[in-house]
Protein chains: 2
Amino acid sequence: MRPFFHPAIEDVEPQAILHALSDPNRAAILAKILTTGVVEACSNVAALGDRVIPKSSLSNHFKVLREAGLIRSERHGIEMRNHARFAEVNERFPGLIGAIINAYAGVDSERAVSTE
Amino acid sequence: MRPFFHPAIEDVEPQAILHALSDPNRAAILAKILTTGVVEACSNVAALGDRVIPKSSLSNHFKVLREAGLIRSERHGIEMRNHARFAEVNERFPGLIGAIINAYAGVDSERAVSTE
DNA sequence: TTCCATAGTTCCTATATTCGGAACCATGGA
DNA sequence: TCCATGGTTCCGAATATAGGAACTATGGAA
């Protein structure tokens with residue numbers, strides 16, 4: 001099991017961030033990390049909406065977020081703790097993460113209204 | 001040759017926008033349209049940076065931008081005119097496009113400094 | 001008209017990505 | 001030592017992307 005790779009902040013590229021967040025599941029994961037501060041395990045996240053995401057996919061989603069520079073993961077005993085690298089990334093790309101998370105939040109609330 | 005399809009603004013989704021702009025070529029095309037107001041043809045854009053983009057790829061890039069709701073294209077005689085749907089999209093997703101374009105611009109200027 | 005150049009699209013195939021099941025590894029108890 | 005838990009890795013199937021070649025549409029020139 002390889003150690004986690006985290007890019008230095010100056011190596012973080014916009015295309016990687018956009019690619020990572022162009023998947024709604026990954027965007028939801030990041031949103032959850034941002035609102036709760038830390039997400040302690042993949043399984044905590046598994047119940048994102050109603051759809052079940054397989055473990056292997058989830059593991060890959062975390063990897064993509066990590067390698068895009070959006071989160072930092074550390075193994076802590078048996079589980080993994082993930083936190084957002086918000087301050088760094090937001091300094092490098094001002095407003096980017098916020099605008100993206102807001103965009104998804106807006107659409108989600110539309111959907112909630114239309115199906116209630 | 002099918003007519004162009006443009007999604008209604010309320011059907012525009014964040015993931016499509018992020019996916020479209022996760023390609024630096026497409027981001028550069030959009031940036032060019034935003035700064036010049038209109039881009040009048042694919043070939044005007046062909047000289048983006050130093051890399052030559054084949055016509056077929058270029059055509060596809062415009063299609064992706066169009067279907068993501070980012071640009072509006074109209075055939076005008078022999079050529080195509082493209083303009084950004086900035087106002088609409090920015091109202092729906094405030095700050096999103098600007099933050100993305102700025103992020104790329106920042107990285108580009110870094111690169112310019114490091115190679116000068 | 002007919003012919004040609006230009007601008008762009010479509011088609012097609014080689015290549016690259018993504019998804020997810022199954023097998024695996026590492027850690028912390030019982 | 002053994003098991004449960006939490007993740008990762010591997011791998012094949014499905015999907016998406018890139019770009020060359022052939023095609024279409026338009027406007028002008030002869």
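Chain identifiers are assigned alphabetically (A, B, ...) following the order of the sequence lines, protein sequences preceding nucleic acid strands; residue numbering begins at 1 within each chain.
Atom CZ in B:Arg26 sits roughly 11 Å away from atom C1' in D:dA16 (whole-Å rounding). The distance between atom CD1 of A:Ile53 and atom P of C:dG21, rounded to the nearest whole Å, is 12 Å. Put simply, CZ on B:Phe62 is 15 Å from P on D:dA18, counting in whole angstrom units. Atom-to-atom, CZ of B:Arg81 to P of C:dG8 comes out at 11 Å; the value is rounded to the nearest Å. Residue B:Lys55 contributes atom NZ, which lies 14 Å from atom P of D:dC23 at whole-angstrom precision. Summarising the geometry, the separation between NE2 on A:His19 and P on D:dA16 is reported as 13 Å, rounded to the nearest angstrom. Here D:dC11 presents its C1' atom at 14 Å from CG of A:Asn60, a figure rounded to the nearest Å. Distance, B:Asn25 CG to D:dG19 C1': 13 Å, rounded to whole Å.
Of the candidate nucleotides D:dA18, D:dG7, C:dG8, C:dG8 has the atom lying nearest to any side-chain atom of B:Ser59.
Considering only heavy atoms from C-beta on, A:Leu65 comes within 4.5 Å of A:Leu21 through its side chain. In this structure, A:Asn82 and A:Ile29 have side chains that are not in contact, with every pair of non-hydrogen atoms separated by 4.5 Å or more.
Between B:His61 and C:dT9, a side-chain N or O to OP1/OP2 separation shorter than 4.0 Å is absent. Here B:Ser57 reaches the OP1 or OP2 of D:dG19: one of its side-chain N or O atoms lies under 4.0 Å away.
The base of D:dG20 is paired with the side chain of B:Ser56 by a donor and an acceptor separated by under 3.5 Å.
Within 4.0 Å of A:His76, counting heavy atoms only, lies no atom of the nucleic acid at all.
No donor-acceptor pair under 3.5 Å is formed between the side chain of B:Tyr104 and the backbone N or O of B:Ala31. Judged purely by atom type and a 3.5 angstrom limit, B:Ser22 uses its side chain to pair as donor or acceptor with the backbone of B:His19.
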Would you tabulate the side-chain donor-acceptor contacts of residues 89-101 of chain B under 3.5 Å, counting partners in other chains and residues two or more places apart, or write 'none'?
{"from": "B:Asn90", "atom 1": "OD1", "to": "B:Gly95", "atom 2": "N", "distance (Å)": "3.1"}
{"from": "B:Arg92", "atom 1": "NE", "to": "B:Ile9", "atom 2": "O", "distance (Å)": "3.1"}
{"from": "B:Arg92", "atom 1": "NE", "to": "B:Val12", "atom 2": "O", "distance (Å)": "3.1"}
{"from": "B:Arg92", "atom 1": "NH1", "to": "A:Glu110", "atom 2": "OE2", "distance (Å)": "2.5"}
{"from": "B:Arg92", "atom 1": "NH2", "to": "A:Glu110", "atom 2": "OE1", "distance (Å)": "3.4"}
{"from": "B:Arg92", "atom 1": "NH2", "to": "B:Glu10", "atom 2": "O", "distance (Å)": "3.2"}
{"from": "B:Arg92", "atom 1": "NH2", "to": "B:Val12", "atom 2": "O", "distance (Å)": "2.9"}

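Both A:Lys63 and B:Pro54 lie near DNA chain D, and the one whose nearest nucleotide falls closer to the 5' end is A:Lys63. In this structure, B:Arg75 and A:Ile78 both approach DNA chain C, and ranking their closest nucleotides by distance from the 5' end singles out B:Arg75.
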